[in-house]
Amino acid sequence: MTTQNPEAADQQRPDRKARDILDPNNQIGMKLRSLYAAVQEEAIPERFLDLLEKLDQAEQMASAKMAE
């Protein structure tokens, strides 16, 4: 039983990558990956960080009350 390397299959069909680039689904995927990468690089808004801090404080207070 042999397994074929996907890169070797691409080398056998040189037009495959060109067709993949023109494929609408591939273009959508590339744009979504680009958008996701841009969102990952954005800074977290200060308001959201404040809300997270308040939540942490509330959880700590609740845990302290449960321990009593």
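Predicted model, so just to flag it, every value in this text is computed and none were measured.
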Subject >> side-chain contact (heavy atoms from CB on, under 4.5 Å) partners for Gln60, two or more places apart >> reply: none

Subject >> Fellow cluster residues of Ile28, listed by chain then number, with links counted only when side-chain atoms sit under 4.5 Å apart >> reply: Leu32

Under 3.5 Å, which donor-acceptor pairs link side chains of residues 33-53 to any protein atom two or more places apart or in another chain?
residue, atom, partner, partner atom, Å
Tyr36, OH, Gln40, NE2, 3.4

